[in-house]
Structures are given as structure tokens and as C-alpha cells.
Amino acid sequence: MRAYQQQAEIVRSEKLSDDIYRFTVNMADIAAGSKPGQFVMVRVAEGLDPLLRRPFSIHQVAKGGLVQILFKVVGRGTRALAGMQPGQQLDMLGPLGRGFAHDRPGQHYLVGGGIGIAPLLFLAKRMLKTVEPSAIRVLLGAATGTELDVLGEDFASLGIDVQLATEDGSLGEEGLVTELMASLPPGEGTVYACGPYPMLRVVAGISRKKGWECQVSLETMMACGLAACLGCAVLRRDMNGYVHACKDGPVFNADEVAWL
Amino acid sequence: MRAYQQQAEIVRSEKLSDDIYRFTVNMADIAAGSKPGQFVMVRVAEGLDPLLRRPFSIHQVAKGGLVQILFKVVGRGTRALAGMQPGQQLDMLGPLGRGFAHDRPGQHYLVGGGIGIAPLLFLAKRMLKTVEPSAIRVLLGAATGTELDVLGEDFASLGIDVQLATEDGSLGEEGLVTELMASLPPGEGTVYACGPYPMLRVVAGISRKKGWECQVSLETMMACGLAACLGCAVLRRDMNGYVHACKDGPVFNADEVAWL
Amino acid sequence: MAIEQPDMRVSIGPLHLQNPVMTASGTFGYGEEYGSLVNLHRLGAIIVKGISLRPRQGNPPPRIAETAAGMLNAIGLENVGLERFLAEKIPFLEGIETPLIVNILGDSVDDYQELAARLDGEEKVAALEVNISCPNVRHGGVAFGTDPEMAHAVTKAVRDHFSRPVIVKLSPNVTDITVIARAVEEAGADALSLINTVLGMAIDIEAEKPKLANVFGGLSGPAIKPIGLRMVWQAAESVSLPIIGIGGITTPEDAIEYLLAGACAIQVGTANFINPGATEEIIRGIGKHLTARGIDSVQELTGRARRR
Amino acid sequence: MAIEQPDMRVSIGPLHLQNPVMTASGTFGYGEEYGSLVNLHRLGAIIVKGISLRPRQGNPPPRIAETAAGMLNAIGLENVGLERFLAEKIPFLEGIETPLIVNILGDSVDDYQELAARLDGEEKVAALEVNISCPNVRHGGVAFGTDPEMAHAVTKAVRDHFSRPVIVKLSPNVTDITVIARAVEEAGADALSLINTVLGMAIDIEAEKPKLANVFGGLSGPAIKPIGLRMVWQAAESVSLPIIGIGGITTPEDAIEYLLAGACAIQVGTANFINPGATEEIIRGIGKHLTARGIDSVQELTGRARRR
Ligand SMILES: Cc1cc2nc3c(=O)[nH]c(=O)nc-3n(C[C@H](O)[C@H](O)[C@H](O)COP(=O)(O)OP(=O)(O)OC[C@H]3O[C@@H](n4cnc5c(N)ncnc54)[C@H](O)[C@@H]3O)c2cc1C
Ligand SMILES: Cc1cc2nc3c(=O)[nH]c(=O)nc-3n(C[C@H](O)[C@H](O)[C@H](O)COP(=O)(O)OP(=O)(O)OC[C@H]3O[C@@H](n4cnc5c(N)ncnc54)[C@H](O)[C@@H]3O)c2cc1C
Ligand SMILES: Cc1cc2nc3c(=O)[nH]c(=O)nc-3n(C[C@H](O)[C@H](O)[C@H](O)COP(=O)(O)O)c2cc1C
Ligand SMILES: Cc1cc2nc3c(=O)[nH]c(=O)nc-3n(C[C@H](O)[C@H](O)[C@H](O)COP(=O)(O)O)c2cc1C
Ligand code: FES
Ligand code: FES
């Protein structure tokens with residue numbers, strides 16, 4: 001797999017809620033080889049502060065080399081990014097990492113929590129090339145409805161069944177996305193999950209009980225994204241050494257890693 | 001003298017040449033007490049890089065609390081500043097330092113080289129409150145004409161006699177601004193000079209010969225602008241210790257300092 | 001619940017301050033310079049530019065250079081000297097209720113001793129902060145702060161001639177800060193300040209010479225915060241003296257990091273240049289942090305990250 | 001005038017490189033990782049992640065944290081170990097003409113000695129870079145690089161068992177870098193690399209604990225450039241060995257600063273993460289600088305700021 005470093009123009013900037021943005025960026029080289037679950041490393045400042053690139057999942061790939069990222073403002077880097085305007089150039093590195101393996105039989109459950117929903121739209125679209133919409137179910141959770149409504153519609157417009165949960169009950173069910181999983185039938189199926197670590201741990205547990213394969217996208221601190229710095233270590237299931245999220249992941253089989 | 005720290009809005013940004021900009025900034029507190037030759041310390045980045053404030057002379061003060069700075073892009077800080085847009089806020093500190101003493105008898109010669117012309121417009125306007133335009137002569141020099149034409153007109157529109165010199169001969173006389181001084185009559189008069197150090201040294205020498213008082217505005221590295229860091233040291237004429245440009249200057253009598 | 005204001009008072013050994021935020025020596029002049037920009041009465045303490053027995057001219061310019069998220073300075077300890085300090089600077093500071101801490105420096109143990117004895121008579125001086133980063137002229141110019149025996153000797157001399165709290169300010173330019181910290185503790189210091197600047201340099205590639213006339217200078221600012229935090233943590237592990245954290249503190253969050261690492265108070269240095277309002281913002285920000293977490297007193301933050 | 005390309009070749013003692021720009025150990029993996037982003041054939045040399053006799057798992061995460069214009073790492077020297085390095089990593093590197101320098105680390109003098117002897121048999125290995133910042137397990141965990149005697153012992157052991165150039169990489173966490181530099185020179189090193197990372201830490205104020213699981217980590221990036229430059233300058237004054245400058249080099253200008261301070265070559269570390277194109281940009285930029293100034297050879301830059 002080949003990675004590219006590109007100066008990429010921001011074509012469009014959408015503010016989806018108070019702190020969630022969606023950027024459409026022109027980067028043909030990176031777009032071409034991208035797979036769902038892979039990510040890009042973005043330089044968020046021209047100066048030396050903040051210094052490190054920030055990792056973001058590939059949210060969608062459109063024709064003409066356009067790539068979207070969906071991000072939430074949580075700190076200095078994402079704040080700087082949010083302030084960037086269409087026409088400006090972003091230094092992008094990608095596509096990076098190992099994405100979802102979606103050539104699985106049976107049902108497909110896409111489970112996203114918070115900004116973890118980002119890679120799932122790309123995943124759903126790729127899946128639809130080989131499976132019927134009815135074989136896919138999407139479960140999304142967030143603290144409040146404004147974080148979900150646009151994305152929920154994006155999935156629904158694909159003809160996929162979408163269930164939503166919000167902690168404040170402002171959209172969909174009141175509660176956690178993991179609670180929505182309880183009513184799903186056990187059996188042959190694969191869960192593709194992305195979200196905060198505590199949620200993923202619960203998702204992994206439910207999947208085990210239901211007999212589903214479970215793939216999770218893990219977030220770690222990353223400096224390089226290229227398997228060079230060894231910063232993104234994740235403890236192996238056997239507690240004997242580490243795998244690395246930027247190369248062996250960010251998507252792991254839930255059985256590969258230790259759940260702490 | 002009281003200094004203020006203000007969040008000041010950029011009201012207007014003019015690009016006067018390839019690398020010279022004029023910002024109009026709204027800062028009533030700082031404007032009120034400003035004197036020609038004083039300066040402001042401007043924070044050019046929100047992040048920590050570049051870290052230090054940058055000093056700029058007060059170029060003009062208009063009614064309504066508007067202050068102008070005129071600056072040339074020479075490095076990272078000024079480049080960042082040039083990229084800022086009307087509507088954005090600048091963290092400004094001022095007015096700082098000791099300005100020109102322009103309550104002098106006789107002729108007034110305002111001599112500016114390069115971006116050193118910045119404080120002279122403010123000086124000329126203040127002088128005109130007490131002296132006739134004919135008592136003032138302005139001599140400006142630069143590498144090329146584009147650096148001078150707008151400013152030359154600003155002075156001319158005040159009814160003041162302006163002579164220009166450019167190194168490439170594209171505007172006014174071909175040569176250095178100091179060469180224009182040769183033809184001026186000796187006698188009672190004061191020179192107010194601002195520009196690169198080598199030019200100021202020559203100006204000081206000519207003034208001595210012509211019998212003029214000579215005030216020069218000196219540029220030094222500055223961290224605080226408040227007489228706290230002691231970074232802006234300038235060797236005294238007697239070579240015995242230092243004066244400080246941000247407090248004892250930036251305008252010094254040419255006799256106060258050593259010319260190296 | 002906690003609608004009361006959190007208690008911001010701290011004690012640095014026998015020294016009691018209304019809050020833990022002080023100004024770092026050399027970055028706040030003699031206080032007066034910031035009088036129109038900062039409410040000096042709000043500060044925990046004011047530490048003034050380092051004072052020597054006799055006035056010092058300092059180094060030739062250029063004295064400062066900017067670096068990535070930091071700055072270098074080679075002021076060369078320029079100061080008005082003890083006499084003029086007493087005559088010209090103390091009167092203004094007497095008008096401010098905030099405790100005054102005088103930073104002192106010398107070329108020899110005798111210099112420090114004499115400064116201590118003279119300042120003991122000045123009631124306004126709440127404490128001394130002994131800068132031991134200076135070269136010892138009697139010992140080949142090696143800094144007092146890099147040799148535990150010399151650090152001990154200076155501390156003891158000051159301790160024996162000054163009746164109020166003695167704070168010793170350590171240099172980070174050492175292999176093992178705990179060795180110096182212990183030497184200073186044994187010599188009777190009441191508290192430690194750390195860190196002073198980190199030795200560095202920068203080169204002007206156009207002129208092909210060092211940016212500072214003095215070649216080397218002291219690195220300060222956000223760039224050095226990780227070093228300062230590490231040394232505060234190490235010192236807190238090895239001595240029982242109260243520690244004042246310094247180095248790159250620019251925001252309330254930075255200050256809280258130092259407190260959690262083991263400092264009971266902090267100093268704001270280079271940040272005063274970038275944002276004269278920094279000290280007051282930091283005081284307010286620490287208060288907010290305590291309120292948000294329902295912590296009653298700022299003292300509870302000290303060393304909290306070390307107990308986990 | 002000078003329309004010819006300037007001569008970019010440098011010699012580091014007996015080691016000849018096509019240009020002075022190398023990759024710093026631990027920031028460029030085993031070379032392969034950057035294969036699709038950097039033209040590896042253009043580099044002066046490739047220095048790989050530090051190799052130990054046996055594989056190492058490294059520290060638990062979090063292993064990295066960002067700081068102002070810098071980063072902290074506590075990777076814990078994770079590496080595949082000598083055997084797998086030889087079996088899995090060397091073959092790729094043999095396909096690249098660029099000289100390979102292997103960074104080695106151990107827990108004891110014996111470890112270093114064995115690594116040297118084993119790697120002496122590998123023709124592709126043009127030189128060794130000895131990382132002496134690691135703790136010596138036989139001597140209470142004090143880093144080899146902070147004690148001149150231990151630094152001497154490690155250097156000599158490697159020198160005696162490796163027939164090609166031996167570069168020793170110094171730690172900046174010492175009071176006087178020249179003492180270590182001289183010890184290493186006496187022990188027979190061919191060159192010095194400096195600096196390794198500066199010990200630092202950061203605290204998560206929400207979790208109230210250190211950001212790194214290991215508490216302390218190594219500070220790298222632009223923040224430390226002033227420290228690296230100062231140490232290169234000091235070392236260049238005290239030893240006659242060729243010096244490889246490291247620390248915060250991100251742009252051609254940074255690299256030129258190091259050369260002017262006394263380095264004959266440089267390494268790019270953290271900048272590879274921020275901008276994978278950094279090494280190639282730096283090579284081009286140095287060339288342009290030489291051309292613009294009419295300097296024939298990059299070697300003329302070495303130490304030029306020290307001669308003024
Ligand atoms: C493979 C991968 C894919 C990701 N995809 C997305 C995405 O599609 N959309 C999105 O909004 N976010 C995504 N993230 C998280 C995103 O990278 C962080 O939110 C971002 O780096 C924070 O930068 P900041 O400067 O705003 O925050 P900082 O000020 O650096 O930190 C704020 C908080 O974010 C945490 N944080 C910082 N960097 C990371 C990091 N690299 N990984 C995880 N947490 C971090 C910090 O610990 C801190 O708690 C992804 C992370 C990874 C590793
Ligand atoms: C009292 C005073 C008034 C000034 N007024 C004006 C003005 O009205 N308009 C204007 O364009 N410039 C003015 N300057 C100069 C201006 O401050 C510098 O050009 C600016 O700080 C450079 O910032 P930078 O980040 O772009 O350059 P840097 O990247 O920091 O440096 C580029 C070059 O500028 C030099 N430089 C950097 N800082 C200073 C400084 N503080 N003083 C002198 N040289 C410096 C550096 O040595 C270097 O050669 C003034 C300087 C002083 C001291
Ligand atoms: C311009 C300048 C002058 C300084 N002068 C002194 C001094 O006289 N005495 C002293 O002990 N420390 C002095 N220091 C060091 C600071 O007090 C402080 O220890 C150091 O700058 C680190 O803190 P900071 O990163 O917040 O600036 C000076 C620092 C600067 C930047
Ligand atoms: C993630 C990381 C891993 C490193 N691993 C090693 C190593 O294995 N051996 C070594 O000698 N230095 C190692 N270093 C230090 C670098 O080689 C270099 O000396 C240091 O980072 C300073 O240079 P920089 O500021 O350009 O990064 C590592 C640095 C980083 C950031
Ligand atoms: S982020 Fe550097 S190895 Fe994974
Ligand atoms: S700039 Fe700080 S004293 Fe003048």
C-alpha cells in the first residue's frame with residue numbers, strides 16, 4: 001500500500017453542529033487507493049505549534065479525487081482546522097493503516113458512537129457495491145441529536161436501516177448505542193464499530209455473546225501514522241507485546257487486542 | 001505614561017506594494033495618548049509560534065480611536081500579520097516608548113529610509129498643528145519606487161515639500177536619501193530620522209556637520225516593550241553602559257548613543 | 001454545591017501568599033513597569049529582577065533571540081545594584097501590599113552573604129530568592145548551581161544572614177537536579193524555585209555568527225515546560241522542601257500541571273512579555289478549575305499527579 | 001558565476017556520504033516505512049531505529065505527547081531485536097545504495113560489544129551509532145551517557161569489535177557535554193552524534209496524572225534546537241572529532257545553523273513525522289544556500305560561525 005503526501009485544497013467546509021465540521025478536500029492520489037477505515041494525517045498549522053499532524057478517518061470518497069473528513073473540535077488542532085477556509089491548502093498524508101474487512105457473510109452491523117461515525121458512511125457505501133441494503137444495519141449514538149441528524153439522513157438516503165440513540169433522548173432512543181444492540185438477533189454477522197474506547201469494549205463484549213465477528217477502529221496518540229515512531233502501541237490480546245494502530249490498525253479484530 | 005493591552009479589531013487592510021501593508025486598527029485607549037515616534041507591540045499569532053510580540057511604529061492616529069501601522073513583510077511574524085483579515089482581532093500593547101520631541105525652533109527635516117518612513121506621517125501631522133508646512137521638509141528613500149509612491153503622496157497632500165530618492169532611480173532621484181541631505185542649508189534645524197542603522201549613522205554624521213539637532217528612531221530586538229526584559233539595550237555614547245530602546249527610546253538624540 | 005470561592009492561599013514554608021502566582025525574576029522588571037497593565041495587588045508575590053551588590057551593565061546587544069515557542073536571553077544580569085534598588089525601587093514596592101521577593105546574585109559567596117545581610121534590614125523584603133545559576137568568579141567561573149558543594153555554601157551563607165524565608169533557585173543545566181536540591185535543603189533553604197533558563201544558542205545564517213553577542217543564552221518560554229515539569233517532579237520526590245515551579249507557564253493549565261507535579265506555587269516568566277495579563281488570567285483560571293472540580297483549596301492540587 | 005552544482009559530499013571521519021542529511025534513529029523506522037514518500041537513494045545516510053540484542057516490547061501506552069513546538073516520547077526502545085533485524089530489515093536496505101548506519105543500544109557493556117561484533121560481519125552496515133542514553137542495568141540504571149567512565153567503556157567495547165566507523169550519540173542530560181565528548185574521543189570513537197532527546201514530562205490535568213505511562217519521556221522537535229546547537233558548539237570547541245548535529249532540525253535553515261555551529265553533517269528526526277518530505281527539502285535547501293552564496297562545498301560551512 002502506497003501513501004502520498006499532498007497539498008490538497010479545501011473545496012468545501014460545512015459546519016454540521018456547534019463543534020462538528022465536514023471538509024471536502026481535493027486529493028486525487030490519496031483518494032484513489034483509499035479503503036473504508038483508513039485514515040489521513042493532516043497538518044493543522046503552518047507554524048510549529050501545534051506541531052504534530054492529526055489523524056482523521058476518511059469519511060467519504062467521491063469522484064474527481066474528492067475526499068471528506070468529518071471532525072469534532074476537541075482541542076487546539078481541531079480548532080485551528082475548523083478555522084480554515086475553502087481555497088486554503090491542507091498538507092495531507094494518506095491513505096494510512098488497515099481498514100475494515102467487509103467481505104464477510106451474514107448481517108453487517110455498523111455501530112458508531114459520537115464522532116466515531118465518521119468512517120462508517122464510506123464503509124456502508126463500499127458495502128453496497130456487493131450486498132443489499134437490507135443486509136446492513138446502522139446503529140449510531142451520540143450525546144445529543146445535533147451530532148447525529150445530518151449523518152443519520154446520509155445513511156437513510158442509501159436505503160439502509162438506521163437506528164439512533166442519544167443520551168439526552170433528543171433524537172432516536174434515549175440511551176447508549178450499545179443498548180440498541182441488545183435487540184438484534186444473534187447468529188452469523190459482523191460488527192464494524194468505531195467510537196470511544198469504553199463503548200468499543202462493550203461492543204466487543206456483546207459481539208462475543210451474540211456470536212458476531214467484531215472489528216473495531218481504535219484511536220491512539222499518533223505522531224507519524226507510518227509505523228515509524230512506534231507511538232501508537234496497543235496491547236495485544238495475549239498481553240505479550242504491542243500491535244500498532246497506524247499499521248496493524250486502526251481497525252483491529254476485537255480478539256487481537258487486550259481490553260483494559 | 002500609561003500603556004494599555006487591547007483586543008483591537010482590524011478595520012482595514014491595504015496592500016501598498018508587494019510586501020508593504022497598512023492596517024487600520026480600532027484601539028481607542030492606545031490611540032488617545034499616542035505621540036509620534038511611539039510604538040505598539042503586536043501579537044502576530046494566536047498559538048505559541050512565533051512567540052514574541054512584534055514592535056511597530058504608530059503610523060497615523062485618526063479620530064474614533066483608529067490607529068494605523070505600516071509594515072513590511074520581512075519574516076515569519078510579519079508574514080503571519082499580513083495574512084490577517086479585517087474583522088479579526090489583534091492583541092495590541094501601547095503606546096510605548098519615548099517619541100520625537102518636535103517642539104524645536106528652525107527647520108524640520110523628516111528623513112525616512114525604507115519602512116522607516118512609518119512614523120514620519122504621524123510626526124508631520126502633529127507638527128502641522130504648530131508650524132507652517134513650509135517649515136517642514138520630508139526626504140524619503142527606498143530601494144525602489146513602489147515602496148514610496150503612496151506615502152510620498154500622503155505627505156504631498158499635506159502641502160509639505162517632499163523629496164524622494166530610490167536606489168534604482170524608479171522614483172525621484174537615483175541614490176540614497178542621505179545624498180538628498182547634502183544640498184540642504186546648514187543652520188538652525190532638527191532632523192527626525194528613521195530607517196536602517198547604517199543610514200541613521202550617516203544622517204547623524206551629516207547633521208553634526210550641518211549643525212542640526214538629530215533625533216533618530218532606533219530598531220532593536222525587543223521582547224517586552226515595557227523596560228522589563230532589558231533586551232533592547234543600546235550602547236551609550238560614553239560606551240559606559242546601556243540605554244534601552246523601549247523606554248529611553250526608540251527615539252534618541254543622536255548624541256546619546258554610540259555609533260558603531 | 002461549591003458556590004464559595006476556593007481558597008487560593010498557599011504557604012511556602014514560613015511564607016504566606018494570597019495565591020500561588022508570582023512573577024519570575026527578570027521578566028517583570030521592578031514591578032513598576034507593569035503597574036498600568038497588571039493589578040499588582042492581586043499577585044501572589046512580586047519577584048524582581050536579580051540584584052547584585054554593585055550595578056551591572058550587562059552584555060552587549062543583541063541580547064535576545066526568538067526560538068520555536070521560546071526565546072533566548074543573555075541580558076548578562078544587568079541591574080541597578082543594591083544601593084539604587086533600595087533608594088529608587090523599594091519605595092514604589094512598599095506601596096504595594098503584595099509580598100516582595102528579592103532575587104539576588106553574586107560572583108562569590110561573600111557577595112551573596114553581604115546582600116543577605118543588607119536586605120535583612122529591609123522590612124518590605126518578605127523573602128530572598130537566591131539565583132545560583134551565576135558563575136563563581138573565585139572558582140573558575142563554574143556556576144554555583146552546578147556543583148552541590150558550592151550550592152550548599154551559597155545557601156548557607158544567605159541562610160545565616162537573612163532571618164526570613166530563603167528560596168534557592170536552581171539551574172536546570174545539570175545531570176541530576178536531585179543532588180543539588182538535597183545539598184540546598186541540607187544547607188537550610190526554606191524552599192526551592194525551579195527552573196532557571198536552559199543554556200542554548202541560535203545562529204544567524206546570513207551573518208554566519210551567533211544571534212546573541214554573548215554566543216550562549218538562557219532558553220525560556222513554553223518550549224522548556226516539559227523540562228521544568230520533569231525537574232519539579234524529580235525534586236519533589238527527593239526533598240521535602242516546598243517547591244516553586246517555573247518554566248514556560250503561559251496559561252492556567254500550565255500552572256496546574258506544575259502544581260500537580262509537586263509545586264506549591266508557580267512563577268510566570270516569559271509569558272509576561274507575550275501577554276501582560278498572563279498572571280491575572282492564570283490566577284482566575286486556577287480558581288475556575290478548582291470550582292469546576294469542587295476542590296476547596298489550591299493546596300490540594302500540589303503533588304496530586306504523583307499520588308496516583 | 002557558480003552555475004555548477006555545489007559539492008554536497010561530506011566525510012565523517014572515514015565515512016563518505018553524498019550529502020550531509022541523515023535520518024535520526026527512531027524517527028524513520030527501518031527505512032522501508034518511508035519508501036513511498038521519500039527517495040531513499042537521495043539521503044546522505046539512513047539511520048534505523050535502535051537495535052538491541054534481543055527484541056524489546058517497549059513501554060505501555062500512551063507513549064507520546066505533544067508539547068509546545070515539540071513532542072515527548074517514551075517508546076521504551078521497542079525494536080525487533082538483532083536477529084529479526086538481520087533477517088527481515090537488512091534485505092530491503094541492501095536494495096538501497098544509501099549507506100546504512102545502525103543505531104545500537106544495550107543494558108550492559110557486553111550487550112554493546114556483542115552487537116558490534118555481530119554487525120561487523122554485515123557488509124551493508126556502513127557504520128554504527130552507539131546510543132549511550134540507555135540505563136546501565138549493571139550500574140543501578142544510571143545512563144551510560146551521563147558518566148564519562150561508562151561512556152568510555154561502552155565506546156571502547158564497540159570500537160574494539162567493529163572495524164568500520166563508530167559514531168557515539170550523546171545524551172544532552174548532563175552538566176557538561178564536553179566531559180563526555182572527551183571521554184568518548186579518547187576511547188576511540190570516529191565521530192559524535194548530538195543530541196539525543198532531553199528528559200521531560202507532561203501532565204494531563206483532567207486525569208491528574210502524567211501524560212506518558214512511563215512518566216518521563218524524551219523531548220524532541222524544534223523546541224530543543226537551541227540546546228542541540230549549544231552542545232554542538234561546545235563539543236566542537238573541545239574535541240577534534242567530526243560532529244553530527246541533531247535536535248529540532250525541520251528546515252534547511254535549521255540544518256545550516258548546525259553546520260555553522262560546527263557539525264559536518266546533520267540528522268532529521270521529529271520533522272519526518274510532521275513533513276515526510278523534510279529530508280529531501282533540506283538537501284535541496286542547503287544546495288540552494290550554497291549556490292546563492294557562491295560556496296563551492298558544503299564542507300566549508302562547518303564551524304564557520306565559530307571562526308568569526
Ligand atoms: C486513526 C484515527 C482516526 C480518527 N478519526 C477521527 C475522525 O474521523 N474525526 C474526528 O473528529 N476525530 C478523529 N480522530 C481523533 C482525532 O485525531 C483527535 O480528536 C485530534 O487529533 C485531536 O486534536 P486536537 O489538537 O484538537 O486535540 P488536542 O488538544 O491534541 O487534545 C484534545 C484531546 O484529544 C485527545 N487526542 C489528541 N490527539 C489524539 C489522537 N491522535 N487520537 C486520539 N485522541 C487524541 C487528547 O488526548 C485530548 O484528550 C481519530 C483518531 C485516530 C487515531
Ligand atoms: C521600535 C520599533 C519600531 C518598528 N516599527 C516598524 C514599522 O513601523 N514597520 C515595520 O515594518 N517594521 C518596524 N519595525 C521592525 C519590525 O519590528 C520587524 O521587522 C519585525 O519585528 C520582524 O518580524 P518578523 O517575524 O517578520 O521577522 P523575523 O523572522 O523575526 O526576523 C526577520 C528579520 O527582522 C529582524 N528583526 C526581527 N525582530 C526585530 C525587531 N524587533 N527589531 C528589529 N529587527 C527585527 C531579524 O533580525 C531578521 O533579520 C520596528 C522595530 C522597532 C524596534
Ligand atoms: C529576559 C529574562 C531575564 C531573566 N533574568 C533573571 C534574573 O535576573 N534572575 C533569575 O533568577 N532568573 C532570571 N530569568 C529566568 C526567569 O526568572 C525564569 O526562571 C525563566 O525565564 C523560566 O521561566 P519562563 O519560561 O516562564 O520564562 C530571566 C529570564 C528572562 C527571559
Ligand atoms: C519517537 C522517537 C524515537 C526515538 N528512538 C531513538 C532510538 O531508538 N535511538 C536513538 O539513539 N535515538 C532515538 N530518538 C532520538 C532521535 O534520534 C533524535 O536524537 C531526537 O529526536 C532529537 O532530534 P529531533 O529533534 O530532530 O527529533 C528517538 C526520537 C523519537 C522522537
Ligand atoms: S503513529 Fe507512528 S508508529 Fe503508529
Ligand atoms: S524590550 Fe524589554 S526592556 Fe526594552
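Letters go in sequence order (proteins before strands), and every chain restarts at 1.
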Task: Winner by heavy-atom pair count (cut-off under 4.5 Å) against chain A, out of D:Ala68, D:Gly35, D:Pro60 - done: D:Pro60
Open item on the list: Taking the basic N atoms (NZ, or NE/NH1/NH2) and the acidic carboxylate oxygens, is any pair closer than 4.0 Å for D:Arg54 and D:Asp111?
Closed with: yes
Open item on the list: Does D:Lys124, at its NZ atom, have more than 12 non-hydrogen atoms belonging to other residues, nucleotides or ligands within less than 6.0 Å?
Closed with: yes
Task: Test: A:Arg2 cationic atom under 6.0 Å from A:Tyr4 six-membered ring centre, within 45° of axis - done: yes
Task: Contacting region of A:Arg54 [heavy-atom separation from chain D under 4.5 Å] - done: side chain
TODO: Quick one: closest heavy-atom pair of A:Glu147 and A:Lys72, and the distance?
DONE: OE2-NZ, 3.6 Å
Open item on the list: For D:Phe85 and D:Tyr30, take the angle between the two ring planes, folded into 0 to 90°, and tell me which bin it lands in: parallel under 30, tilted 30 to 60, perpendicular over 60.
Closed with: tilted
Open item on the list: Which one wins on heavy-atom pair count under 4.5 Å against chain D: A:Leu93, A:Leu230, A:Leu48?
Closed with: A:Leu230
TODO: Tell me, for A:Met222 versus chain D, whether the close heavy atoms (under 4.5 Å) come from the side chain, the backbone, both or neither.
DONE: backbone
TODO: For each of D:Glu32, D:Gln57, D:Met71, tally heavy-atom pairs with chain A at distances under 4.5 Å, and name the one with the top tally.
DONE: D:Gln57
TODO: Please determine, among A:Leu226, A:Asp49, A:Leu235, the option with the most heavy-atom pairs under 4.5 Å with chain D.
DONE: A:Leu226
TODO: Counting only heavy atoms closer than 4.5 Å, note whether D:Asn59 contacts chain A via side chain, backbone, both or neither.
DONE: backbone
Open item on the list: Taking A:Glu256 first and then A:Arg98, would you say they form a salt bridge - that is, a charged N and a carboxylate O separated by under 4.0 Å?
Closed with: yes
